[in-house]
Amino acid sequence: MNTAAVRFKGVSRHYGSVRAVDEVDLSIAEGEFFAMLGPSGSGKTTCLRLIAGFDQPTAGEITIFGEDTRGVPPYKRHVNTVFQDYALFPHMNVLDNVAYGLMIAGMPKAERHKRAEGALELVALPGFGGRKPSELSGGQRQRVALARALINEPRVLLLDEPLGALDLKLREQMQQELKDLQRKLGITFIFVTHDQGEALSMADRVAVFNDGKIVQIGKPEDVYYRPEVPFVADFVGSSNVLPPHVVEKIAGKWTHASVRPEAVSLVDAGLGVDGLHATVHSTAFLGTATRVSLDLDGFSMVALLPKGTRIPETGEQVHVKWSPEDLHLMDTA
Amino acid sequence: MRSDRAPLGLKIAAGAGLAFMHLPIVLIFVYAFTTEDKSYQWPPPGLTLKWFGVTWNRPDVWEALSLSLRVAAISTAIALVLGTLCAAAVSRTKFFGREAISLMVILPIALPGIITGISLRSAFNLADIPFSFWTIVLGHATFCVVVVYNNAVARFRRTSGSLVEASMDLGADGFQTFRHVILPNIATALLAGGMLAFALSFDEVIVTTFTAGQQQTLPIWMLEELVRPRERPVTNVVAMMVALVTLLPILGAYYLTRGTDTVAGQGK
């Protein structure tokens, strides 16, 4: 394997007694589209800021293409960032915003403006150079921020929840465009998000953060279908987590297990079919399916019933069933 | 035709209030043209422009004016540097005692000038610092810093902190970031703060009386002239000029900070 684009070795960032990032080990390959996924306060954005150099680790070592980053200021790192609030310079027009990195590097005006025009074409905003950032829509600002970060030809591009401020339709469109752009440019993208759908659909690999630690790292399918800890099952897949005492009865092993809501089926309690006994807590119609919340003995589950199945009433007694292959045991954790 | 027209009584009251505030100033202007120079007699027995010529030829007026301008310029320059640095520290970083420092910076403008004046005077005495041009400057800087600080801190708070990080991220070091990003974003606030500071310093009396030695700034000179009646309308001519000169920067500051309510650098 080549030198990793970014590598964390036992990296921690503590603020007083708060462990924002706690003993994180991580290796991101060159050209990879890597997502850091987790709830707010889980340490993912701090990790990004450590890579960019806006923050320094309290312990551990971060290398970018094999070079130690200790004491290296942000302006000497070959990484660029797309900020959550875009951080476009309000006193400059779009062209000067995009050309800022080249201006700092001392490139003559005519040439840097030509390059900036090229970068604007890359993000599908040709001819917008003369406008002020305040005259652009949210999606357009996002593209300008992207062009501005890419013009310095970084080896790693950091994206901090870049789609968070966009509406749903635009977000889906930008997800596709970002993915295409990353393939075209071949540079490493590190993408921070709290949206599991975004992480799963875009990334080559996903690291799931919780309480400053990486709880699972792997391909989107692995994280989604084969969660290693209950947190991942719940946060990434909104999966049902079965407690060990239930799993022991079903599978004979003392461990947590997960079942996807769409794999769960409900059977009338009176039919005498074997299964877990449950009471229907509530139902919600979602369009293509109906979500049924169930109360079981000491825990709860969710079933996603496709159109056409009989939807039980609230308070009805049912049996919960699934195929044995849909039960995922978390005995690796 | 607007439907929410104010009643006539309210209009008269507002007009009377404004007249009460501004007619005395007009009186000062009128007396600058009077032909009578011993006592302020109303109505003026006659009008003349000769006091402008007399004022022009009085070296004490020029000395006081020059001193006032120099003090105001240097106090404002000190305030611009210190006020900006302090505002940046308070709005950009979190540290122990930040709120206390913020309060202590603003305090000199809340304190009565006489307290600032007395305390500075005794401090200079204790430290054996002779009263001079520089002690006046120091006295004025105490409240000029506040004005600049207040303007700058408001602008810093409305400027997104990620702008600085974005600049550093794109390769700019601290100095380049200040020059290309921070300064253009706070420039109008600094200009406005500086103009107000200049105007404040230019007509300050109380602190100056305690921190000046033998020197007379223009307001002090005017005070002295009033108790010593000699060519009285000269004072009025100077007052008129001072009013016009200080009005300009204050108007300028008002126009510069108008319409800057949106948060700079915010994407949303």
Side-chain angles (χ1 to χ4, degrees), chain A residues 15-16 48-49 51-55 73-92 96-107 132-134 136-142 144-145 147-154 156-158 160-162 164-166, chain B residues 84 87-89 91-99 151-193 255-268:
Chain A
Y15 299 96
L48 202 73
R49 295 175 57 81
I51 301 172
F54 302 138
D55 206 344
Y75 49 87
K76 286 190 180 152
R77 300 187 180 199
H78 292 292
V79 298
N80 284 117
T81 309
V82 176
F83 290 83
Q84 188 171 11
D85 65 357
Y86 314 139
L88 299 179
F89 305 127
H91 58 290
M92 295 181 187
D96 283 327
N97 259 286
V98 175
Y100 186 81
L102 302 177
M103 190 258 297
I104 293 296
M107 186 182 281
K132 280 286 177 78
S134 56
L136 302 179
S137 70
Q140 289 168 337
R141 286 180 201 175
Q142 215 268 319
V144 174
R148 187 179 68 174
L150 286 171
I151 205 158
N152 277 17
E153 297 174 347
V156 178
L157 185 72
L158 309 174
D160 184 9
E161 307 238 8
L166 306 180
Chain B
T84 308
S91 58
R92 279 274 177 267
T93 53
K94 287 194 175 124
F95 54 88
F96 178 73
R98 186 177 66 155
E99 295 305 315
N151 271 273
V153 93
R155 184 64 60 90
F156 271 125
R157 290 215 170 112
R158 287 193 268 117
T159 307
S160 165
S162 54
L163 290 183
V164 172
E165 287 184 349
S167 171
M168 303 275 253
D169 189 67
L170 291 162
D173 59 27
F175 178 75
Q176 288 168 317
T177 299
F178 181 78
R179 189 180 142 208
H180 295 296
V181 175
I182 299 176
L183 200 55
N185 274 300
I186 63 168
T188 51
L190 289 190
L191 201 55
Y255 279 104
L256 281 172
T257 47
R258 215 177 37 156
T260 50
D261 287 338
T262 48
V263 176
Q266 274 243 329
K268 291 164 254 181

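By convention in this document, chain letters (A, B, ...) are assigned in the order of the sequence lines, proteins followed by strands, and residues within each chain are numbered from 1. In what follows, every heavy atom counts, from backbone to side chain, and hydrogens, waters and symmetry copies are set aside.
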> Looking at Leu158(A), Ile104(A), Ile151(A), which makes the most heavy-atom pairs under 4.5 Å with chain B?
Replying inline: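 Top option by heavy-atom pairs under 4.5 Å: Ile104(A).
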_Side chain Arg157(B), main chain Ser91(B), donor-acceptor under 3.5 Å_ =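 Here the side-chain-to-backbone pair does not exist.
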- Query: Contact part of Arg49(A) toward chain B, heavy-atom cut-off under 4.5 Å: side chain, backbone, both or neither?
  - Reply: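 For Arg49(A), the contact with chain B is made by the side chain alone.
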Taking side chain as everything from C-beta outward and backbone as N, CA, C, O, which of these in Asn152(A) sits under 4.5 Å from a heavy atom of chain B? Side chain, backbone, both or neither.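 Contact with chain B is through the side chain of Asn152(A) alone.
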query = For Arg98(B), does the CZ atom have more than 12 heavy-atom neighbours from other residues, nucleotides or ligands under 6.0 Å away?
reply =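 Correct, the count exceeds 12.
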**Report entry** Heavy-atom pair count under 4.5 Å with chain A, highest-scoring of Thr177(B), Val181(B), Asp169(B)
**Finding:**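 Sorted descending by pairs with chain A, the first entry is Asp169(B).
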Item checked: Reported CG-to-CZ distance for the pair Leu102(A) and Arg148(A), which is rounded to 0.5 angstrom ->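 The CZ atom of Arg148(A) is 12.5 Å from CG of Leu102(A), to the nearest 0.5 Å.
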- [ ] Quick one: sort the Tyr100(A) and His180(B) rings into parallel, tilted or perpendicular, breaks at 30° and 60°.
- [x]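 Taking His180(B) first and then Tyr100(A), their aromatic rings stand perpendicular (interplane angle over 60°).
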